[in-house]
Chemist: 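The structure is given below, and queries will be raised subsequently.
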Amino acid sequence: MESVTKPDREVRVEAKPRDTSDSHETVFEIAGLTVTYGSVTAVEGVNLDIRSREITALIGPSGCGKSTVLRCLNRMNDLIPSARVGGKVLYHGIDIYDPGVDPVEVRRRIGMVFQKPNPFPKSIYENVAYGARIAGIRDLDGVVEESLRKAALWDEVKDKLDTSGMALSGGQQQRLCIARALATDPDVLLMDEPCSALDPIATLRIEELMLELKDEYTFVIVTHNMQQAARVSDRTAFFSIEVTPQGRRGRLVEYDRTEKIFTSPSQKETEDYITGRFG
Amino acid sequence: MPDVRSHFHQELERLEQAVLDVSDRCDRMIGMAVEAVCAGDLELAERVVAEDNEIDRIYLDSHDRWIELMARQQPMGSDLRLMSVILHLNVTLERSGDQCVNIAKMAQVTEGLPRSERIVSQIREMGDLVRPMLRTAVHAFIRRDAEEARLLPAMDEPVDRINRNMYREVVACGPDPKLLEWATRMMMVSRALERIGDQAVDIGEQVVFLVTGEYHEFSEEAFLGRGGGD
């Protein structure tokens, strides 16, 4: 496993063999997570444990900080100069914000799929092989095929691997992006509104794919679509916006099993949101 | 609190109102059916059958609107629980109406037979016990009052007791075959009223589910040490 050695010390994000047991160990322990962009607090005081081989959905109104929290899980907020992350994000017990941790390795173990499909302007094969090649994987043909099969795309593209990934339909492009993320052998896939640009059938295919893959991978998905969260996730975290004298900030209201959240939530705020009684 | 699903919530209220309308009709039907069978009033028995036809019409209409709302609105949280409870109440009340028809038909088939005033008085007593049960169940539903709903098992006990003892009353009628035929029909009336009592208890269990989000039969609740402790 690759890791960056810092002058003072080195922290390895271990490439654990994927857990295939019946237990669902904790992948992420998020404690007191607060994120600010300049003087604006996006989200404050989030405590959340995310379990392995489950699909965890983050839901809530626009501006509640759910995407911000998602981006903290693989240090994507590092790319925003004004972003400051407080609190702890432990991945298998390791603080991913420890100065000794290599963010590139973090992102290899914890992949991300974005709202808009964003294949590279390269062939289908190269889209998938790109990350694997950088990760030092030698059997690229094998990895490309395996990743495309897992992403339920192989049968549709196996005879045109040299054509541009940009020529695929929106749904196929998103599955190509999932295959690209899988090619680096991640442990976790973060999905930020992965279906919002897709038609209903393509959306259902992505959801089916997540359900098929969750025995091997841990998913965290941000979605505005409550029905999607209800359909695919095992657990759901509801975020809301708190108006304070210092401004509006996101906070975690309730986190529970999905069936509980959508049939009998504990918090009135959650109930009001899922039944549409909010402004 | 602004409601961004006001159209859906209005439809849901209308659906709930239809269930309450049926519950009012059931309440009246129990009284009419018991009176019809106890007084041998065949005209009243026919009105029970006609009223049940109206309940069936409302039931089918509510069922169609329920399916449409589920398909279109995909309710969640307390809305989902209310939809579930409305479906259950719709079926339960429709069956209560059917039980009233069963009772009313007994008035028709026992016409001209001798009767036992002792059994008649017990049938009337069962009717007087069952109607408040249905009203309590529906009132608890309207008020979303789990504690009121948990009163129902205790209210059901005397109904069960009278029903259990009814066969002794039938045997006590003696060897007169005509009287025995009438009394045997009254066992069916007793059984129908006992079923209506059970259906009121079922509604109570649904009310607790609506309020708490947890479904247990009351007998199970007592076993688990929850609820009213009866």
Side-chain angles (χ1 to χ4, degrees), chain A residues 55-64 66 195-196 200-201 203-204 207 221-243 248 252-279, chain B residues 1-17 65-89 140-141 143-147 149-150 204-217 220-221 224 226-227:
Chain A
I55 300 173
T56 299
L58 312 184
I59 65 167
S62 296
C64 70
K66 55 191 186 295
C195 302
S196 63
I201 300 299
T203 295
L204 292 175
E207 291 176 6
I221 177 172
V222 163
T223 177
H224 272 117
N225 183 335
M226 283 190 281
Q227 273 72 31
Q228 180 169 67
R231 282 193 297 265
V232 300
S233 71
D234 299 289
R235 286 169 199 275
T236 297
F238 169 61
F239 291 77
S240 187
I241 303 167
E242 185 176 47
V243 180
R248 293 157 65 89
L252 176 63
V253 174
E254 185 170 355
Y255 178 47
D256 211 326
R257 289 175 293 108
T258 293
E259 64 268 28
K260 171 86 170 132
I261 291 285
F262 287 114
T263 61
S264 182
S266 301
Q267 301 298 315
K268 183 176 182 305
E269 213 173 336
T270 314
E271 167 73 20
D272 288 343
Y273 182 75
I274 63 170
T275 59
R277 293 178 175 89
F278 61 95
Chain B
M1 176 74 63
D3 185 350
V4 297
R5 302 190 77 185
S6 60
H7 177 77
F8 165 56
H9 290 133
Q10 284 165 15
E11 290 292 319
L12 196 50
E13 274 180 34
R14 274 198 278 275
L15 209 50
E16 182 174 345
Q17 199 54 49
R65 285 195 287 149
W66 189 94
I67 290 283
E68 183 181 339
L69 275 188
M70 282 298 281
R72 286 176 179 268
Q73 300 290 347
Q74 299 161 24
M76 287 179 170
S78 60
D79 293 340
L80 178 59
R81 298 203 302 279
L82 179 57
M83 287 290 285
S84 166
V85 169
I86 283 175
L87 182 66
H88 192 98
L89 263 60
F141 171 59
R143 290 171 50 85
R144 310 293 195 258
D145 187 340
E147 290 312 304
R150 288 191 173 105
E205 288 166 348
Q206 292 292 318
V207 171
V208 174
F209 166 69
L210 178 59
V211 174
T212 66
E214 291 184 19
Y215 180 78
H216 301 288
E217 293 192 344
E220 187 187 353
E221 274 201 344
L224 294 170
R226 297 177 188 170

Chemist: Tell me the closest heavy-atom pair linking A:Ser264 and B:Gly213, and the distance in Å.
Modeler: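 Nearest heavy atoms, A:Ser264 then B:Gly213: OG-CA, 3.5 Å.
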Chemist: Between A:Pro265 and B:Gly77, which heavy-atom pair has the shortest distance, and what is it?
Modeler: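 Here A:Pro265 and B:Gly77 meet closest at CD-CA, 4.3 Å.
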Chemist: Where the side chain of B:Arg5 meets the backbone of A:Arg277, is there a donor-acceptor pair that is under 3.5 Å apart?
Modeler: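 No; zero donor-acceptor contacts below 3.5 Å.
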Chemist: Using only atom types and a distance under 3.5 Å, with no angle test, would you say the side chain of A:Glu271 pairs donor to acceptor with the backbone of B:Ser78?
Modeler: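 The answer is yes, because a donor-acceptor pair under 3.5 Å joins these two groups.
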Chemist: Return the option, out of B:Leu80, B:Asp79, B:Thr212, with the maximum number of heavy-atom pairs under 4.5 Å with chain A.
Modeler: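 Among B:Leu80, B:Asp79, B:Thr212, the one with the most close pairs to chain A is B:Asp79.
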Chemist: A quick test of your reading: do over 12 heavy atoms of other residues, nucleotides or ligands sit less than 6.0 Å from CZ of A:Arg248?
Modeler: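 No, the 6.0 Å shell around CZ holds no more than 12 heavy atoms from other groups.
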Chemist: To the nearest 0.5 Å, how far apart are OG1 in A:Thr270 and CE in B:Met76?
Modeler: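 Spacing of OG1 (A:Thr270) from CE (B:Met76) equals 12.5 Å.
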Chemist: Counting only N and O atoms by type, is there a donor-acceptor contact under 3.5 Å from the side chain of B:His9 to the main-chain atoms of A:Thr275?
Modeler: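 Between the backbone of A:Thr275 and the side chain of B:His9 there is a qualifying donor-acceptor contact (under 3.5 Å).
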